[in-house]
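One-based numbering along the sequence shown. When a ligand or atom number is given, it counts from 1 through the structure's own listing order. Values below: every heavy atom of this structure, side chains too, minus hydrogens, waters and symmetry copies.
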Amino acid sequence: MSETSDRAGKPRELRSINADEAERFLTEWGHKSYRTTQLLGWLYKKRAGSIAEMSDLPLELRDQLSGAFSLLPLELAREQRSRDGTVKFLWRLADGELIESVLIPASIGRDGSQSDRHTLCVSSQVGCAYGCKFCASGLMGYKRNLDAYEIVDQVLAVERWHLAKGVESPKPEPLANNIVMMGMGEPLANYANLIRALEIFNAPWGMNIGARKITVSTSGLAPQIRRLAETPQQYHLAISLHGATDEVRDKIMPINRKYPLEELISACEAYQQAKGRMIWVEYILIDGVNTGPEQVEALSGLAKRLQCKVNLIPYNPVDGIDLQRPSDETVGRFRDALHHKGVRVTVRIEKGTDIDAACGQLRLKSEKKPAETQALGQAG
Ligand code: SF4
């Protein structure tokens with residue numbers, strides 16, 4: 001791979017370059033060093049959708065960039081809005097594949113105040129190979145990893161969408177000031193592209209989003225958790241646990257057979273030691289599967305060992321998956337039992353329940369009905 005082409009020799013997409021690479025090829029082409037700042041500014045701060053927009057770059061440089069790189073903005077195929085302000089985006093990639101991102105506004109406070117905090121849930125793969133039994137993304141299998149620019153452009157495309165709605169001038173900070181890698185796919189299975197995308201989100205020359213506002217969520221790839229622990233940035237780590245014993249996890253998350261709980265938890269401890277940061281544990285409550293007292297007992301033991309916070313998420317049923325959401329009473333009982341054992345526990349206030357909120361659902365429906373998606377895409 002060179003600065004301007006990928007391993008297959010195709011031109012690289014511009015929104016996957018970092019500052020060092022930009023500096024190198026601009027110097028090679030004979031341009032002054034301030035052009036690096038200008039180019040990166042167009043890519044990651046002004047969210048340019050084309051090279052032609054980069055009006056303060058000389059024409060010769062724009063021609064060189066067009067000759068050496070591609071720039072392939074995501075195309076909005078469909079948008080769904082929830083009554084609570086959550087917006088779900090279905091993006092079409094250059095090769096026609098579909099991925100999702102979800103923009104989630106902060107909750108309105110008890111005093112009626114609304115913070116301007118927005119979280120964007122970002123995808124890392126087309127489909128997913130890990131086949132968790134409750135998950136819409138896993139249902140359609142794995143197609144491919146996203147390139148770094150396809151991860152980065154989910155954030156930039158939401159900014160362009162926001163600006164197109166008539167905001168007068170681009171804010172220096174992105175609308176989405178919290179990034180969670182919890183969309184379609186297993187982020188740590190696409191490690192190199194994930195790390196490049198996180199670098200672009202976080203760097204001052206990139207989108208300048210604090211590492212503490214970037215969360216990587218994993219279903220439990222223990223070796224990659226240890227690898228992530230070696231990076232200098234303080235990214236937040238969330239574990240999709242969903243079962244507190246090997247017996248339950250084996251049933252609903254095949255990854256557990258490769259990296260059983262003990263291996264996963266000791267990788268989490270290594271991450272905590274390296275970063276000095278609290279880990280979150282996500283636990284989807286599925287009726288009759290992982291809501292029993294033995295799970296409370298085991299989960300409280302793991303939570304105390306990791307000194308972590310547990311987020312309980314009542315299951316959001318998915319068409320084609322025969323699993324159910326537990327009753328509010330079961331959710332409350334599970335939460336209270338953990339609380340009594342001294343675990344910091346919350347039930348996540350669900351957003352977007354009136355749209356296809358569970359990740360992968362919108363793509364799943366759209367792949368089943370391509371004609372409908374096209375029609376909606378034109379309307380959107
Ligand atoms: S929960 Fe995550 S790892 Fe499991 S199938 Fe879904 S996207 Fe893949």
Would K258 and E263 count as a salt bridge (charged side-chain N to carboxylate O under 4.0 Å, His left out) here? Give the steps. CA-CA 9 Å; K258 191 159 185 197; E263 207 170 329; over 6 Å; no
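Using a 4.0 Å cut-off between charged side-chain N and carboxylate O, E60 and R62 make no salt bridge.
Between the side chains of N145 and Q125, at least one donor N or O sits under 3.5 Å from an acceptor N or O. Judged purely by distance below 3.5 Å, without hydrogens or angles, the side chains of S266 and R226 pair a donor atom with an acceptor atom. No donor-acceptor contact under 3.5 angstrom links the side chains of E186 and S124, judged on distance only.
Those atoms of ligand 1 with a heavy atom of S219 less than 4.0 angstrom away are 3 (S). Under a 4.0 Å criterion applied to the non-hydrogen atoms of Y130, ligand 1 contributes the atoms 3 (S). In the vicinity of G131, heavy-atom distances shorter than 4.0 Å reach the ligand 1 atoms 5 (S).
The protein heavy-atom contact nearest to atom 2 (Fe) of ligand 1 is G185 O, 4.2 Å. At the shortest separation from atom 6 (Fe) of ligand 1 among protein heavy atoms lies C135 SG, 2.3 Å. Of all protein heavy atoms, the one lying nearest to atom 8 (Fe) of ligand 1 is C128 SG, 2.2 Å.
Using a 4.0 Å cutoff on heavy atoms, S240 does not count as a contact of ligand 1.
At a threshold of 2.8 Å, atom 4 (Fe) of ligand 1 has a backbone or side-chain N, O or S atom of C132 nearer than that distance.
Because its NZ or CZ atom is both nearer than 6.0 Å to the ring centre of Y191 and within 45° of the ring axis, R227 counts as a cation-pi partner of that residue.
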